[in-house]
Amino acid sequence: MAKKGRVFSGARPTGRQHLGNYLGAIKNYVALQQDYDCIYGIVDLHALTTMETTKDLKNNTLEMALDWLAAGIDPQQSIVMIQSHVLELANLHTILSMVAPLGKLTDLPTFKEKIRDQPHNINYGLVGYPVLMAADILLYKSDAVPVGVDQAPHIEFARELARSFNYRYGAKVLIEPEMKVTQIPKVLGIDGERKMSKSLNNHIEIAATPEETTKRVMMMVTDPNRKLRSDPGNPDICNVFTMHKIFSSPEEVEMVNVECRRAGIGCVDCKRLLAKNMNKYFEPFRERRAEMAKRPDDIFDILEDGSNRARVIAEQTMAEVRDAIGMP
RNA sequence: AGGCCAGUAGCUCAAUUGGCAGAGCGCCUGUCUCCAAAACAGGAGGUUGUGGGUUCAAUUCCUGCCUGGCCUGCCA
C-alpha cells in the first residue's frame, strides 16, 4: 500500500515509560504507522550527552522497547532500531558538522538549558546534539518528523543543514523534512504543577501494577481550595480532572465535572474512578508486555533486525552523499 | 604541559587554632483533612572526589592521582 512518506523519530532510552511519554509520543507513533513508513530509533548516542553512568543503558533500552512494542508499535510495519547500531550515522554526522554553524548551535534554547542543568559536563557532543539529530533524520531521508513545539528549533536546524549541504555541494541529496507538529497534551505530574518526568519522581509508569497505579493516583494533588468533603471543588484547575478527560468516558467526565463542583462526590471517589479507568485502559497493554518481557532476547532480535533494515537505507544515502561531495 | 581555584547528604552550601560532620530545600513516615495540598511532629540519607603521609585525633595540614573551572604555553 502506498504511504505518504517516511517518518523518523527518536527517543532516548529512559527505561519504563510514563503517562507523559505515552500520551506525548508513543500513542502518536502507533497512529502514524497507518499513513507513513516509520523509523523509530532508540537514540542511545544522544543519551550519552547527559548520562554520566551507563550501567542501566541496556536495561533501559529493553524496558522502553517493551513499552513501545506492547503499546502497538509494529516491527513488521515499522522499523524499530538502535541508533548506535547504524555506523553510517557517525559518518554523516561528521560530514554535517562541517556545515553546521557553531553560533546557531550555541544559541539554541535547549543548549542553554543544558548549560544551566549540567555546568560540570558541557561536552562537545552536547553542542552537536542537534547535528546528530539532523544526521538521523537526513540519513533516512525522512519526509516528516513528529515533534512537540519545544523541538521545533531543532527541526528547523535540520532543514537548514540539508539546504546548506545541498547548496554547497550542488546536489539534491538530502531531503528537507517537514515539521509535523503534534498537538501534545501537556501532561502534568502527580504534583499537578510540573511536567511529568521520571527525574522529578512525579510520574506514573504505564506498565505499573494496578495497585501501584492506584497508589500514585491517590497521591495526586487536587484543588487546594477544596479542604473539606463538603467544599465544592474546581475541576478546571485539578489535574485529576484533566486525566479523567483522557481516560474516562464522556459520561463519567461530565458527571465528575458536575458533581465535583457541588461536592456531590469527593476526591477519593473521583480518584478511585480514575485509577479504575486507567487500569482498564492499560490492562491489555500490560498483559502483552508481561508476555514479551519473558523473552528479552526476542526484543533485542527485533531491534537488531530493525537496525539492519535501517542500515540498508543509510548505506544508499551515504553513497549519494559521498558522490555529491566528490569523495574519492 | 605549567600556574591558580574548587570538589562535603539528591540539590544549594556551613563546620572556630586540627577536636563527636550540620542547616535549608527535596525525599520517606506519622498527625490532621473525603484524598491531596498547607501546617505540625518525626525519620532516612555521608568511606567529606580518591590513594598515601603527619598526628592521640584530619573535611581541615603535606603529597600522588581523578574530575571541573580560569589563565599561560606547545602541537595538529
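Quick note on labels: first sequence line is chain A, next is B, and so on, each numbered from 1.
The list of ring pair (Phe, Tyr, Trp, His ring centres under 6.0 Å) pairs with a residue in residues 246-277 of chain A, not counting sequence neighbours, reads A:Phe247-A:Tyr281, A:Phe247-A:Phe282.
Linking Ile, Leu, Val, Met, Phe, Trp and Tyr whenever their side-chain heavy atoms come within less than 4.5 Å leaves A:Leu57 and A:Leu303 in two separate clusters. In this structure, A:Met220 is a member of the same hydrophobic cluster as A:Leu23, with clusters built from ILVMFWY side-chain heavy atoms closer than 4.5 Å. Hydrophobic clustering (side-chain heavy atoms under 4.5 Å, transitive across Ile, Leu, Val, Met, Phe, Trp, Tyr) keeps A:Ile313 apart from A:Ile82.
Contact of the A:Asn234 side chain with the A:Arg261 side chain is registered, since non-hydrogen atoms from C-beta on lie closer than 4.5 Å. The shortest side-chain heavy-atom distance between A:Asn123 and A:Leu126 falls under the 4.5 Å cut-off. Under the 4.5 Å side-chain criterion, counting only non-hydrogen atoms from C-beta, A:Leu19 is in contact with A:Ile206. The shortest distance between side-chain heavy atoms of A:Arg311 and A:Glu315 falls below 4.5 Å. Proximity of A:Leu69 to A:Pro75: side-chain heavy atoms (C-beta onward) are separated by under 4.5 Å at one or more points.
Contact check of residues 94-103 of chain A against RNA chain B (heavy atom, cut-off under 4.0 Å) returns no residues at all. Taken residue by residue, residues 13-24 of chain A places no heavy atom nearer than 4.0 Å to RNA chain B. Non-hydrogen atoms lying under 4.0 Å from RNA chain B are contributed by A:Met218, A:Met219, A:Met220, A:Val221, A:Thr222, A:Asp223, A:Pro224, A:Arg226, A:Lys227, A:Leu228, A:Arg229, all within residues 216-240 of chain A. Contacts of residues 259-283 of chain A with RNA chain B (heavy atom under 4.0 Å): A:Gly266, A:Cys267, A:Val268, A:Lys271.
Only the C1' atoms considered, B:rC74 is 28 Å distant from B:rU63, to the nearest whole Å. Nucleotides B:rG19 and B:rC61, compared at atom P, are 11 Å apart to the nearest Å.
Here A:Ala135 pairs with A:Leu89, A:Leu92, A:His93, A:Leu96 under the side-chain contact (heavy atoms from CB on, under 4.5 Å) rule; sequence neighbours left out. Partners of A:Thr110 according to the side chain to side chain donor-acceptor pair (under 3.5 Å) rule, which considers only residues two or more places apart in sequence or in another chain, are A:His154. Applying the side-chain contact (heavy atoms from CB on, under 4.5 Å) test to A:Ser142 and every residue at least two apart in sequence or in another chain returns A:Phe8, A:Ile137, A:Tyr140. A search for ring-ring contact (aromatic ring centres under 6.0 Å, His included) contacts involving A:Tyr169 returns A:Phe165, not counting sequence neighbours.
Residue-to-nucleotide proximity on RNA chain B shows that, of A:Asn201 and A:Ile122, the 5′-proximal contact is made by A:Asn201.
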* For RNA chain B, just give me the dot-bracket, please: Watson-Crick or G-U, both distances below 3.5 Å, ( ) intra-strand, [ ] crossing earlier pairs, | paired with another strand, . unpaired. => (((((((..((((.....[..)))).(((((.......))))).....(((((..]....))))))))))))....
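You can see that RNA chain B meets the heavy atoms of chain A within a 4.0 Å-exclusive cut from B:rU33 to B:rG68, reading 5' to 3'.
In this structure, A:Lys58 satisfies the cation-pi test against A:Phe300, with its NZ or CZ atom closer than 6.0 Å to the six-membered ring centre and inside 45 degrees of the ring normal.
The hydrophobic cluster containing A:Met255 also includes A:Phe241, A:Val253, A:Val256, A:Ile265, A:Leu273, under a criterion of side-chain heavy atoms closer than 4.5 Å among ILVMFWY residues, counted directly or through chains of members.
Comment: A:Asp191 engages A:Arg194 in a salt bridge, judged by a side-chain N to carboxylate O separation of less than 4.0 angstrom.
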* To do: Please report the C-alpha distance between A:Ile73 and A:Tyr40 in whole Å, then the side-chain angles of each, then the deciding distance to 0.1 Å, and finally whether the side-chain contact (heavy atoms from CB on, under 4.5 Å) criterion is met.
  => CA-CA 9 Å; A:Ile73 294 179; A:Tyr40 296 127; 3.8 Å; yes
